[in-house]
S.K.: 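Here it is: the structure, laid out below.
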Amino acid sequence: MTSISRWDGLLLDCRLASMTANGIAYGAIENAAIGWKDGRITFAAAQSQLPDKPESLSVNVESVEGAWITPGLIDCHTHLVFAGNRASEFEQRLQGASYEEIARAGGGIVSSVRQTRAANEDELFAQSLPRAQALLQDGVTTLEIKSGYGLNLETEEKMLRVARRISAALGITVHTTFLGAHAIPPEFSGRQSDYVDEVCVRMLPAIAHAGLADAVDAFCETIAFTASETRRVFETARGLGLRVKLHADQLSDGHGAALAAEFNALSAEHLEHTSETGVAAMAAAGTVAVLLPAAFYALRETKLPPTESLRAHGVPIAIASDLNPGTSPVLSLRLAMSMACTLFRLTPEEALRGATVHAAQALGLLDRGTLEVGKRADLVLWDIQHPAELCYWIGGNLARRIIIDGCRIS
């Protein structure tokens with residue numbers, strides 16, 4: 001084998017949680033090796049199956065002495081870019097105010113809108129970058145960032161540019177989602193239909209033309225947008241060639257899951273109140289269910305998402321942090337995975353699958369999420385003795401090494 005064709009890296013004496021469907025829990029491969037070249041996995045199997053001597057295969061060979069390696073974690077639902085915080089609303093909820101009451105009194109999303117509009121792009125980047133760094137240190141190598149705290153074209157574009165800057169600064173993949181239909185801005189108070197016009201006629205075409213969004217989302221709920229308004233946003237997005245996602249059935253059954261399925265949405269997210277009919281529609285459309293246990297926890301919700309129904313219908317279940325200033329101020333995807341196990345009764349394997357292969361599906365990224373030949377070399381080496389520990393330990397720094405696109409980040 002010539003030096004030109006040698007791999008860029010090869011790790012020996014490892015255990016792989018490949019997350020492939022190999023008939024073994026976690027897709028586990030013991031006594032394994034993993035190699036990569038040009039950012040793609042070239043080998044992920046038992047070390048005994050290596051086609052040549054390690055030193056002949058790669059310019060960089062290392063034994064990791066039995067360490068567990070997983071695909072890089074994928075946080076497929078965040079609102080990471082925002083200014084300020086809403087700690088005061090946390091206090092209000094503990095004093096008895098509901099999420100809906102706070103929102104209707106001018107708090108909630110609109111509070112973050114005021115602060116985000118007031119920050120210039122550099123200030124917004126400086127405030128948001130540490131949150132992305134915290135997720136990265138926790139093993140996240142791909143994340144989604146939604147807009148939605150601007151609610152005007154200038155600030156929505158600013159948020160999406162900051163998301164792109166975070167990607168460049170940290171070397172991680174950032175999937176950007178335009179969420180203009182998140183709430184009604186103050187200047188459109190009492191004119192909800194006019195704001196939907198603004199989103200569809202002015203904002204969406206401009207953002208699509210600038211290439212700032214990979215997908216489009218909306219908040220379909222009693223305190224936000226109706227099904228007919230959401231349908232119009234989605235029809236506009238589809239006309240512009242953008243895939244859609246939906247905040248669906250979080251506070252009530254507004255038939256959001258079925259609406260998402262109607263548009264072959266990548267994902268429907270939250271889903272606490274989704275009916276059996278909605279789950280069946282998602283299954284038929286191939287729409288991923290994104291569960292957000294940290295928001296459930298922060299809001300002290302009691303209505304559980306239909307986990308058993310999702311399993312029965314074969315709907316892929318993803319887990320995400322929902323990192324946002326109001327209802328999920330969480331800086332750890334692993335913590336959300338642990339919550340998914342404790343609160344929603346997922347198994348640790350389901351939670352890890354939800355933060356890898358199924359999260360990749362929720363973003364339409366089929367080149368990652370598993371450890372197999374041809375996939376991106378996004379890997380995390382963990383200080384654990386079993387993959388279940390990623391959900392078992394509540395907090396703490398377990399990531400020993402993070403590799404993104406074949407390059408060591410930490």
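Fair warning: this is a prediction, and the values are worked out from it, not measured in the lab.
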S.K.: Salt bridge between Asp214 and Arg243, side-chain N to carboxylate O under 4.0 Å?
M.R.: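 The answer is no: the pair does not qualify as a salt bridge.
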S.K.: Kindly indicate, with the supporting measurements, whether the criterion side-chain hydrogen bond (donor to acceptor under 3.5 Å, both in side chains) is fulfilled by His358 and Glu350.
M.R.: CA-CA 9 Å; His358 291 162; Glu350 285 177 319; over 6 Å; no
S.K.: Run the side chain to side chain donor-acceptor pair (under 3.5 Å) test against Glu262 and tell me which residues pass, sequence neighbours left out.
M.R.: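 Residues passing side chain to side chain donor-acceptor pair (under 3.5 Å) with Glu262: Arg231.
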S.K.: Might you point out which heavy atoms bring Ala183 and Ile109 nearest each other, and give the distance in Å?
M.R.: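 Nearest heavy atoms, Ala183 then Ile109: CB-CG2, 3.7 Å.
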S.K.: Could you grab the distance from atom OG1 of Thr42 to atom CH2 of Trp7, nearest 0.5 Å is fine?
M.R.: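 Going from OG1 on Thr42 over to CH2 on Trp7, the span is 4.5 Å.
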S.K.: Tell me, with the steps shown, if Glu187 and Arg117 meet salt bridge (Lys or Arg N to Asp or Glu O under 4.0 Å).
M.R.: CA-CA 13 Å; Glu187 62 270 24; Arg117 285 182 176 183; 2.8 Å; yes
S.K.: Under a 3.5 Å cutoff, is there a donor and acceptor pairing between the side chains of Arg401 and Ser410?
M.R.: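 There is no such pair (donor and acceptor under 3.5 Å, judged by atom type) between the side chains of Arg401 and Ser410.
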S.K.: Hey, is the main chain of Gln385 close enough, under 3.5 Å, to the side chain of Glu389 for a donor-acceptor pair?
M.R.: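 Yes, Glu389 side chain to Gln385 backbone: donor-acceptor pair under 3.5 Å.
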S.K.: Less than 3.5 Å apart, any donor N or O on the side chain of Glu144 or Thr78 sitting next to an acceptor on the other?
M.R.: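 Checked: Glu144/Thr78 side chains show no N/O donor-acceptor pair below 3.5 Å.
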S.K.: Side chain of Arg15, backbone of Ile69: donor and acceptor closer than 3.5 Å?
M.R.: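 Not confirmed, Arg15 side chain does not pair with Ile69 backbone.
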S.K.: Does a donor on one side chain and an acceptor on the other come within less than 3.5 Å for Glu221 and His270?
M.R.: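 There is no such pair between these side chains.
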S.K.: May I ask you to check whether Thr347 and Glu349 show a side-chain donor-acceptor distance below 3.5 Å?
M.R.: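 The answer is no; no qualifying pair exists.
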S.K.: Does the side chain of Ser328 pick up a donor-acceptor pair with the side chain of Asp322 at under 3.5 Å?
M.R.: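 Judged by distance alone, the side chains do not pair up.
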S.K.: Is the backbone N or O of Ile384 less than 3.5 Å from a side-chain atom of Arg400, with the two atoms forming a donor-acceptor pair by type?
M.R.: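 Not confirmed, Arg400 side chain does not pair with Ile384 backbone.
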S.K.: Do the side chains of Arg232 and Asp197 get close enough for a salt bridge, i.e. N-O under 4.0 angstrom?
M.R.: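 Salt bridge present between Arg232 and Asp197.
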S.K.: State the NZ-OG distance between Lys303 and Ser252, to the nearest 0.5 angstrom.
M.R.: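 It comes to 11.5 Å.
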S.K.: Check each of Lys245, His247, His182 against Asp217 using the side chain to side chain donor-acceptor pair (under 3.5 Å) test, and report the only one that passes.
M.R.: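 Of Lys245, His247, His182, side chain to side chain donor-acceptor pair (under 3.5 Å) with Asp217 is met by His247 alone.
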S.K.: Go through the steps to decide whether Arg368 and Thr173 satisfy the test side-chain hydrogen bond (donor to acceptor under 3.5 Å, both in side chains), and finish with yes or no.
M.R.: CA-CA 11 Å; Arg368 66 200 71 195; Thr173 298; 3.0 Å; yes
S.K.: Any chance the side chains of Arg164 and Ser167 put a donor and an acceptor closer than 3.5 Å?
M.R.: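 No, no side-chain donor-acceptor pair sits under 3.5 Å.
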S.K.: How about CD1 on Ile394, more than 12 heavy atoms from neighbouring residues, nucleotides or ligands closer than 6.0 Å, or not?
M.R.: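 Atom CD1 in Ile394 is not packed in, count stays at 12 or less.
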S.K.: Name the residue from Thr177, Asn324, Leu323, Ile145 that meets the side-chain contact (heavy atoms from CB on, under 4.5 Å) definition with His79.
M.R.: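 In the set Thr177, Asn324, Leu323, Ile145, the residue that makes a side-chain contact (heavy atoms from CB on, under 4.5 Å) with His79 is Asn324.
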S.K.: Using a strict 4.0 Å threshold on nitrogen-to-oxygen distance, state whether Lys146 and Glu269 make a salt bridge.
M.R.: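 Counted as a salt bridge, because a side-chain N and a carboxylate O are separated by less than 4.0 Å.
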S.K.: Considering only NZ, NE, NH1 and NH2 on the basic side and carboxylate oxygens on the acidic side, decide whether Arg165 and Asp122 come within less than 4.0 Å.
M.R.: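 So Arg165 pairs with Asp122 through a salt bridge.
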S.K.: Does a side-chain N-to-carboxylate-O contact under 4.0 Å join Asp38 and Arg40?
M.R.: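 Salt bridge flag = no for Arg40 with Asp38.
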S.K.: Atom CZ of Phe219 and atom OG1 of Thr230: how far apart are they, to the nearest 0.5 Å?
M.R.: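 Spacing of CZ (Phe219) from OG1 (Thr230) equals 10.0 Å.
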S.K.: For Thr356, which residues count as a side chain to side chain donor-acceptor pair (under 3.5 Å) partner, sequence neighbours excluded?
M.R.: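 Counting only residues at least two positions away or on another chain, Thr356 forms no side chain to side chain donor-acceptor pair (under 3.5 Å).
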S.K.: Around atom CZ of Phe90, are there more than 12 heavy atoms of other residues, nucleotides or ligands at under 6.0 Å?
M.R.: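 Count not over threshold, so no.
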S.K.: Determine, for Lys375 against Asp367, whether the closest basic-nitrogen to carboxylate-oxygen distance falls under 4.0 angstrom.
M.R.: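 Salt bridge flag = no for Asp367 with Lys375.
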S.K.: Got more than 12 heavy atoms from elsewhere within 6.0 Å of CG, Asp13?
M.R.: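 It does: Asp13 CG has more than 12 such atoms within range.
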S.K.: What's the verdict on side-chain hydrogen bond (donor to acceptor under 3.5 Å, both in side chains) for Glu372 and Thr370, showing C-alpha distance, side-chain angles and the deciding distance?
M.R.: CA-CA 6 Å; Glu372 54 187 321; Thr370 58; 2.7 Å; yes
S.K.: Step through the shown structure and confirm whether more than 12 heavy atoms of other residues, nucleotides or ligands are within 6.0 Å of CZ on Phe188.
M.R.: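 Counting neighbours around CZ of Phe188, more than 12 heavy atoms of other residues, nucleotides or ligands fall under 6.0 Å, so yes.
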S.K.: Assess whether a salt bridge exists between Lys158 and Glu154, defined as any Lys/Arg side-chain N lying under 4.0 Å from an Asp/Glu carboxylate O.
M.R.: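 Looking at Glu154 together with Lys158, the answer is no, because their closest N to O distance does not fall below 4.0 Å.
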